[in-house]
Number of protein chains: 2
Amino acid sequence: MLVNINTHRRPIDGHLAALAGERVLCSEYRYHKGTEIFGEGEEAEYVYQIVTGAVRTHKLLADGRRQINAFHLPCDMFGFENGSNHRFTAEAIVETDVRIMRRGSVIEATESRTGGIRSLLRLVTQNLKHAEDHMLLLGRKTAPERVATFLVEMDARLGHPRLMTLPMSRRDIADYLGLTLETVSRALSRLRDQNLIRFEGTTQRRIELLRREQLAELGP
Amino acid sequence: MLVNINTHRRPIDGHLAALAGERVLCSEYRYHKGTEIFGEGEEAEYVYQIVTGAVRTHKLLADGRRQINAFHLPCDMFGFENGSNHRFTAEAIVETDVRIMRRGSVIEATESRTGGIRSLLRLVTQNLKHAEDHMLLLGRKTAPERVATFLVEMDARLGHPRLMTLPMSRRDIADYLGLTLETVSRALSRLRDQNLIRFEGTTQRRIELLRREQLAELGP
DNA sequence: CGGTCTTTTGAACGGGGTCAACTTGCGTGG
DNA sequence: CCACGCAAGTTGACCCCGTTCAAAAGACCG
């Protein structure tokens with residue numbers, strides 16, 4: 001489900017601002033939990049930036065096996081790294097507000113801006129760097145290492161909060177790390193038993209990292 | 001080992017031509033088998049294009065586990081997808097001639113060329129697409145599927161020759177596919193026993209694909 | 001030839017997957 | 001408010017695919 005909030009010209013944040021200045025028309029849309037933002041193979045007309053919420057992008061094999069490429073959090077841009085068609089599917093994990101602009105207008109704005117090309121390249125290469133790091137994880141790390149790496153990554157991207165609330169399920173984490181949800185659950189329980197993390201309250205998605213250095217060492 | 005062949009202005013091939021026209025100064029170097037072209041963390045000053053030979057790029061974990069991101073073949077460009085520092089190591093697999101140009105001059109040439117930005121972006125997003133496909137392989141495919149996918153990929157990139165000569169060892173293939181060399185060897189032997197591939201002559205690196213469609217189905 | 005590196009093949013092990021049971025959280029409606 | 005249904009998460013038991021360890025057979029080069 002998709003709700004158009006508004007269309008406007010106004011200051012924009014982070015990468016988008018660095019790229020295009022404040023001259024590009026954009027709109028805000030709201031996607032409800034679990035809904036698709038775009039599908040694999042669809043035409044890639046827009047660029048997306050998350051305002052609030054979280055998005056996952058994934059690929060599927062014919063028999064349903066799923067690999068999540070990345071999770072996107074507020075201020076992150078996604079959907080840009082495409083030629084003409086999307087190479088994966090993007091879905092809202094939770095209630096999510098997304099800012100949308102035309103791909104073409106971003107490129108045009110970039111052309112007329114000094115350093116614009118480098119900003120644009122940096123944006124794509126950030127995704128590439130993430131993919132390369134993730135290939136190392138998927139190809140060569142053990143299950144406990146993957147889970148520790150995941151926690152450290154999320155901690156950093158959420159700004160090292162005392163208590164982090166993961167927007168994604170165990171299954172999502174598993175499909176991101178190339179594991180099964182049971183293995184993820186066991187690894188987290190193990191970290192809890194070792195007093196490296198703590199589950200806050202009743203829900204299993206609120207996690208406090210008790211020893212960040214040791215967690216970082218576990219995910220080499 | 002590195003040998004400077006020459007420095008010249010002359011027509012250049014493929015991506016490089018699309019990017020920069022024929023106006024950019026470039027040099028050719030020869031790297032001997034097994035030598036490093038650049039290392040992880042080094043400053044990324046140059047862009048590389050293979051003339052003849054083959055290159056592998058990899059990352060290492062502290063304990064020596066290795067993940068090969070990609071193999072590069074003649075006409076391929078690499079080393080570009082960097083901000084200021086290289087995020088991985090590049091090594092010649094066999095005797096390799098490489099064309100080298102300054103990163104900065106490529107960007108400048110791009111800026112003054114219509115459609116240059118899109119060409120540049122396409123170059124980087126090609127790498128990104130490959131990385132995304134490879135994450136799906138590393139995260140979700142079985143060993144036989146990975147090996148079949150590898151053969152089909154190499155066959156396509158070598159232009160579907162009747163007989164393909166792989167430049168890389170079983171260990172390289174294994175580190176690319178997130179497996180051990182023994183598993184790769186066993187999977188290839190299995191394919192040979194099923195009459196899907198055939199080893200030509202004495203060396204195990206010359207392979208003929210006997211049934212391309214069936215191989216493609218094996219790597220979904 | 002001998003020496004070294006690559007590749008294959010076999011045997012045994014174990015990490016993570018599979019299958020299943022159970023618990024818990026969280027609506028939704030009576 | 002509780003009863004019910006369902007999705008999410010945990011935990012245990014078993015098993016299998018791919019790793020590990022080991023040996024031997026090429027391939028290549030002096």
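Predicted model only: the values in this text are computed from it and were never measured. Convention: sequence-line order gives letters A, B, ...; per-chain numbering from 1.
Arg190(B) comes within 4.0 angstrom of no nucleic acid atom, judged by non-hydrogen atoms across all strands. The residue Arg146(A) sits apart from the nucleic acid: no heavy atom pair falls under 4.0 Å.
For the pair Arg171(B) CZ and dT7(C) P, the interatomic distance rounds to 10 Å; values are reported in whole Å. The distance between atom CD1 of Ile207(A) and atom C1' of dA8(D), rounded to the nearest whole Å, is 14 Å. Here the C1' atom of nucleotide dA25(D) and the CG atom of Leu181(B) are 15 Å apart, to the nearest Å. As rounded to whole Å, 15 Å separates atom C1' of dT10(D) from atom CG of Leu191(A). Residue Phe199(A) contributes atom CZ, which lies 9 Å from atom C1' of dG9(D) at whole-angstrom precision. The separation between Asp172(B) atom CG and dC5(C) atom C1' is 13 Å, rounded to whole Å. Summarising the geometry, the separation between CG on Leu177(B) and P on dG18(D) is reported as 12 Å, rounded to the nearest angstrom. Computed from coordinates, the Asp175(B) CG to dG18(D) C1' distance equals 15 Å when rounded to whole Å.
If you check the side chains of His86(A) and Glu45(A), you find no donor sitting under 3.5 Å from an acceptor. A donor and an acceptor atom, one from each side chain of His58(A) and Gln67(A), are nowhere located under 3.5 Å apart.
Sorted by first and then second residue, the side-chain hydrogen bond (donor to acceptor under 3.5 Å, both in side chains) pairs with a member in residues 132-141 of chain B read Lys59(A)-Asp133(B), Arg87(A)-Glu132(B), Asp175(A)-Arg140(B), Lys129(B)-Asp133(B), Lys141(B)-Thr149(B); sequence neighbours excluded.
Considering only side-chain N and O atoms, Arg205(B) lies under 4.0 angstrom from the phosphate OP1 or OP2 of dT7(C). Side-chain nitrogen and oxygen atoms of Arg192(A) include at least one within less than 4.0 Å of the OP1 or OP2 phosphate oxygen of dT11(D). Residue Ser185(B) has no polar side-chain atom (N or O) positioned under 4.0 Å from OP1 or OP2 of dT9(C).
Within 6.0 Å of CZ in Arg198(B) there are more than 12 heavy atoms belonging to other residues, nucleotides or ligands.
Note on Glu153(B) versus Arg157(B): salt bridge recorded, some NZ/NE/NH1/NH2 to OD/OE distance being below 4.0 Å.
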In B/S/- notation, 5' to 3', how is nucleotides 11-26 of chain C contacted by protein heavy atoms closer than 4.0 Å?
-> B----SSBB-----S-

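Because its NZ or CZ atom is both nearer than 6.0 Å to the ring centre of Phe80(B) and within 45° of the ring axis, Arg103(B) counts as a cation-pi partner of that residue.
A tilted orientation is assigned to the rings of Phe38(B) and Tyr48(B), their planes being inclined by 30° to 60°.
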